[in-house]
Undergrad: 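Below are the structure tokens for one structure; questions will follow.
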Amino acid sequence: RMQTLLDQVFRPSAAGSIRSSASGFPVLNVGTTPSAIEVMALAPGLDPASLDITIDRGLLVIAGERASELPQAGERTSIYANERFAGRFRRVVSLPDDADPARVEASYRDGVLRISIAKRASSLPRRIEVQ
């Protein structure tokens, strides 16, 4: 966080410019439903086979690599702007205690990685009948 703040102060940038950084790729949306924790990673241009998704000690880790599609800079090639992130990335999400690491589903479609982690049955609300 400190490095980001220092970059904003000491590196002049054009308004609206996107800073290429592994710390912000892929962009994540995290939320819950009554029965699951839902994680959506906006990651266009990835090969799903290159993704490594793990859950360990309450942490969801999404890691992988996105290849650069730019030509190599050379004598006849110049690159004027490069705002699309390329390279290795790793995102870590802390999961709530009621996440069940044994019941996880992941899918990738149209550039969106969707990970659904079911909540433990013991944490779900249930109706108690009065006798």
Undergrad: Enumerate the salt bridge (charged side-chain N to carboxylate O under 4.0 Å, His left out) contacts for residues 102-113, please, sequence neighbours excluded, ordered by first and then second residue.
TA: Asp100-Arg103

Undergrad: Nearest 0.5 Å, what's the OG-CG distance between Ser107 and Leu113?
TA: 7.0 Å

Undergrad: Would you be so kind as to tabulate the donor-acceptor pairs closer than 3.5 Å made by side chains of residues 39-58, with sequence neighbours excluded?
TA:
from, atom 1, to, atom 2, distance (Å)
Asp47, OD1, Ala49, N, 3.2
Ser50, OG, Asp47, O, 2.7

Undergrad: Can Val92 be reached from Leu28 by stepping across I, L, V, M, F, W or Y side chains whose heavy atoms are under 4.5 Å apart?
TA: no

Undergrad: Would Phe25 and Arg66 satisfy side chain to side chain contact (heavy atoms under 4.5 Å, CB included), going step by step from the backbone distance to the final call?
TA: CA-CA 10 Å; Phe25 182 84; Arg66 181 156 137 186; 2.6 Å; yes

Undergrad: Which residue is it: Leu95, Val104, Ile37? I am looking for the one with a side chain to side chain contact (heavy atoms under 4.5 Å, CB included) to Leu60.
TA: Leu95

Undergrad: Once you round to the nearest 0.5 Å, how far does CG of Asp98 lie from NZ of Lys119?
TA: 5.0 Å

Undergrad: Enumerate the side chain to side chain donor-acceptor pair (under 3.5 Å) contacts for residues 27-44, please, sequence neighbours excluded, ordered by first and then second residue.
TA: Glu38-Arg114, Glu38-Ser116

Undergrad: Same hydrophobic cluster for Val30 and Tyr108, using side-chain heavy-atom links shorter than 4.5 Å among ILVMFWY?
TA: yes

